[in-house]
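Structure record follows, encoded as C-alpha cells.
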Amino acid sequence: MADKISGGEALIQSLLHQGVDTVFAYPGGTIIRVFDALYDHRSDLRQILVRHEQGATHAAQGYARVSGRTGVAIVTSGPGATNTITGISDAMLDSTPIVVIAGQVGTDALGTDAFQEIDLVGVTQPITKWSYQIRRAEDIPWAVARAFYIAGSGRPGPVVLDFTKTAQMAQIEYTPASIDYVRSYIPSPDPDMSQIEAAAELIDKAEKPLVLVGHGVELGNAEEELREFIEKADIPAARTLLGLSALASDHPLNMGMLGMHGNLAPNVKTNQCDVLIAVGMRFDDRVTSDVNTYARQARIIHLDIDKSEFCKNVKADVTVLGDCKKTLKLITGRISKSSHRQWIESFRPLADEENAKVIENAIHPKDGPLLMGEVVTAASDMAPDNTVMVNDVGLNQMFSSRYFKYRMPRSIVTSGGLGTMGFCLPAAIGATFGAPGRPVLAFEGDGGFQMNIQELGTVMETEAPVKIILMNNNYLGNVRQWQQLMYHKRYSCTRMLSPDYSMIARAYGIPYRLVTDRADLVAAVKLMFETDGPFLLEAAVMDEENVMPMIPARTPVDKMIFTIDQ
C-alpha cells in the first residue's frame, strides 16, 4: 500500500503535476498546513511572499499574461480571501487564467460564522469560470486538475478553490489526476464552415475593410495567423488596448489604437468602412462609445471563442465561433489575394492631422515641464525589443499604451475591463517571473503606485528586476481631466500630496533617480536600463497635462476632440 500524505501535501503534488513552477502567496491560520507542505518544496516550487493578497492575484495575472500559462495565488480565509476579489474580477474581465487557492475553516465549522469564515464560493461564483469548495482530501487531485483545465482552456479566466482545513489535514493515498474533458463545457468549438464561407465572401467583396484586433489573438497564440490574413487580404488593422502587442507597432497595415484615447484614423474609419472584421474582441464601450452610431454603415464579421459575446453589444452579420488560430487560417485559405491601396492611403491624412495637432507636441515639446508622452517615448526608444510594458490605470496607462512601441507578442500587461488602480507594480513583479529572459518596464502614476506601494517589499526580497517609471503629476490625473472637461475645473479630491519617493526607494534598497528637467531625461533612462536589478525613476511631469485626442462619453467614435475646449 502506498504511503499516505496530508491533503496539504496532496495540493502541492497536484500543482507540480500541473507544471506549476511559481506561486504568489500570503500565509494564514486556515492555510497553514499547505504552507507547511510548501516548506519541503523550496527547491522545486518558487514561493513568492507578496505583501498583500490583492498583490498575489495581480502578480499571478502578470505571470500568466506574459507566459501564457496559468498563474497561481495561495491565501488564507476571511480577509485574506476577500482581498483577492479585485484581482479575480480583473482576471475575469480580461480573460486571464489564474487559480486562487484560499484556506477555509473546517467542515464542522462551516455555516457557524467561525473566525475568518466567509462564503467564498458564494462571493466568487459570479466573477469566476468555476468556484469550488474542497471538503474531502480525496477530491484534491480531481479539483486541482479540473481547475487548471477550466482556467486555461477556451476563453481563459479565473478559478477559485476554497480549501477547508479538514481536507488539508486528512491523510490520503495520492494519485495524480489529469482532466481534458468536462461535460457541457466545450472550450474550443468546431467552426461552422458555412460561417467561414460567409465571412470569406464578405471579405472578398469589401472595398473598404477594417480589422479590429483584440486580446483574443494573443490568448489564442494567433499572431502569425492574423498577420497572414491581413497581408493576403491587404486590410488595415486597428488594435484594442489589450490587443496592442498582437500586431507589431511598425507593421505597415497597423493603423493604431482604437477607443476613447486611441488614434484618430482607426476611430474615424470605423464609421466609414464597409466591412468590419472583429477578431477576439468584445466591442467594449471604451471602443464603441455610442453603440447607436457605431459602424452603422458596415457589414460586421465577429470572430470569437465565446458565443456569449456575439451580438451582445454590436449586432454582427456573420458570427464565426471558434479558436481564432483555427478560424483565421480557414478564412485566409478561402479569400482571394487583394489590394486596397487607395483605402489604406486614406488613413494617412488623419494620421498626419493627429501627429500635427497632438503627437509632436506630446513627445517633442520645445519648452515647459516634462510631459508623459516624451517620458514614454524616451523609454520606448531605449528599451530592448523584447521588453514587456506593464502599466497602471489612469493617464499613465493611456500615454504609455499610446506611445510605447510593441515589437513582440505578449508585450503589454494592463488592466482593461476593470481598470484597476494598483495593478501595475504586483503585475510587473509577476511578469518578471513569467518571462525571466525579458526586461519588464512598469509605468506608474502617483495615485496607482501608492495603492499597492507595499509590494516594493516583494521587489526588495525577490530582487525582481522591475524598471519602474513613476510619472508624478501630483494628481489623480484621469479623474482630474474629466473634472476639467465636464465639471468646470472643480477638482474635488484629485489633487494628491506625494511622499518623498527617494526615501521610500532608499528604505527598500532600490536604486532611484529623480528627473525634473528634460535635458536629464535620456541619461536617467539610460542609467535605469544599465542598472542591474530593480530601479525607480521618478519623472516630475506637468500637473494638468491631458491625454488627447479623446472621444467624449456617448459621442460617435468619429467625433474625437483634440482639446478640452472643443
Side-chain angles (χ1 to χ4, degrees), residues 14-25 41 44-48 50 55-74 87-88 90-101 129 144-145 147-159 187 214-224 242-246 280 305 323-325 383-391 406-416 423-442 455 458-459 462-467:
S14 296
L15 293 178
L16 291 169
H17 182 66
Q18 293 297 323
V20 175
D21 60 13
T22 305
V23 296
F24 302 93
H41 293 276
D44 52 2
L45 190 58
R46 195 163 40 198
Q47 302 160 33
I48 309 303
V50 295
T57 54
H58 293 327
Q61 286 179 273
Y63 174 96
R65 293 272 283 273
V66 298
S67 69
R69 303 170 66 192
T70 299
V72 179
I74 303 178
I88 294 168
D90 196 290
M92 187 67 175
L93 283 171
D94 287 351
S95 303
T96 305
I98 64 171
V99 171
V100 175
I101 300 162
K129 288 188 71 177
V144 172
F148 275 80
Y149 175 64
I150 292 174
S153 61
R155 180 179 182 175
V159 167
H215 190 204
V217 173
E218 285 193 330
L219 293 174
N221 299 307
E223 296 89 353
E224 184 64 20
L242 289 173
L244 282 172
S245 62
I305 200 168
D323 185 337
C324 63
K325 191 175 182 67
D385 286 352
N386 63 340
T387 297
V388 175
M389 192 278 284
V390 189
N391 54 26
Y406 306 94
R407 303 170 179 93
M408 284 180 57
R410 296 187 181 272
S411 290
I412 180 171
V413 179
T414 192
S415 173
F423 171 87
C424 179
L425 181 56
I429 294 168
T432 65
F433 291 102
R438 301 180 65 181
V440 175
L441 178 61
E455 296 306 330
T458 310
V459 174
T462 64
E463 298 181 342
V466 181
K467 310 299 186 186

(message) Among Val390, Val459, Thr458, which residue satisfies the side-chain contact (heavy atoms from CB on, under 4.5 Å) criterion with Leu425?
(response)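 The residue from Val390, Val459, Thr458 that satisfies side-chain contact (heavy atoms from CB on, under 4.5 Å) with Leu425 turns out to be Val459.
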
For the student: nearest non-hydrogen atoms of [X] and [Y], plus distance:
X      : Y      : value
Pro156 : Gly154 : CD-O, 3.2 Å
Phe423 : Asn391 : CD2-O, 3.7 Å
Ile150 : Val159 : CG2-CG2, 4.0 Å
Ala442 : Ala428 : CB-CB, 4.0 Å
Lys325 : Asn221 : NZ-O, 2.9 Å

(request) Spell out, as yes or no, whether a donor-acceptor pair under 3.5 Å connects the side chain of Thr387 to the backbone of Ala383. (result)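 No: the side chain of Thr387 does not pair with the backbone of Ala383.
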
(message) Taking Gly157's backbone N and O only, do any of them form a donor-acceptor pair with Lys129's side chain (distance below 3.5 Å, no angle check)?
(response)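 Flag not set: sc Lys129 to bb Gly157 has no pair under 3.5 Å.
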
Can you tell me how far apart [atom1] ([X]) and [atom2] ([Y]) are? Round to the nearest 0.5 Å.
X      : Y      : atom1 : atom2 : result
Asp90  : His58  : CG    : NE2   : 6.0 Å
Thr462 : Gln47  : OG1   : CD    : 13.5 Å
Ile98  : Arg69  : CD1   : CZ    : 15.5 Å
Arg155 : Asp323 : CZ    : CG    : 13.5 Å
Phe148 : Leu15  : CZ    : CG    : 5.0 Å
Ser415 : Gln61  : OG    : CD    : 7.0 Å

(request) Could you tell me whether the side chains of Arg438 and Ser411 share a donor-acceptor contact shorter than 3.5 Å? (result)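 Checked: Arg438/Ser411 side chains pair up, N/O donor to acceptor below 3.5 Å.
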
(message) If we count only N and O atoms by modelled type, under 3.5 Å, do the side chains of His215 and Glu218 hold a donor and an acceptor together?
(response)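 Side-chain D/A pair, His215 to Glu218: absent.
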
Within-4.5 Å side-chain heavy-atom neighbours: [X] and [Y]:
X      : Y      : answer
Arg65  : Asp94  : yes
Pro439 : Asn386 : yes
Gln18  : Val144 : yes
Tyr63  : Thr22  : yes
Asp21  : Phe433 : no

(request) Begin from the C-alpha positions of Leu45 and Leu16 and carry the test side chain to side chain contact (heavy atoms under 4.5 Å, CB included) through to its verdict. (result) CA-CA 8 Å; Leu45 190 58; Leu16 291 169; 4.2 Å; yes

(message) Set out, in order, the CA-CA distance, both residues' side-chain angles and the distance that settles side chain to side chain contact (heavy atoms under 4.5 Å, CB included) for Val66 and Val413, then state yes or no.
(response) CA-CA 8 Å; Val66 298; Val413 179; 3.7 Å; yes

(message) Taking side chain to side chain donor-acceptor pair (under 3.5 Å) as the definition, give me every residue that meets it alongside Asp385, ordered by chain and number, with sequence neighbours left out.
(response)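 Arg407.
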
(message) So for atom CD, which belongs to Glu463, do other residues, nucleotides or ligands contribute more than 12 heavy atoms lying within a distance under 6.0 Å?
(response)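 At most 12 heavy atoms, drawn from other residues, nucleotides or ligands, come within 6.0 Å of this atom.
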
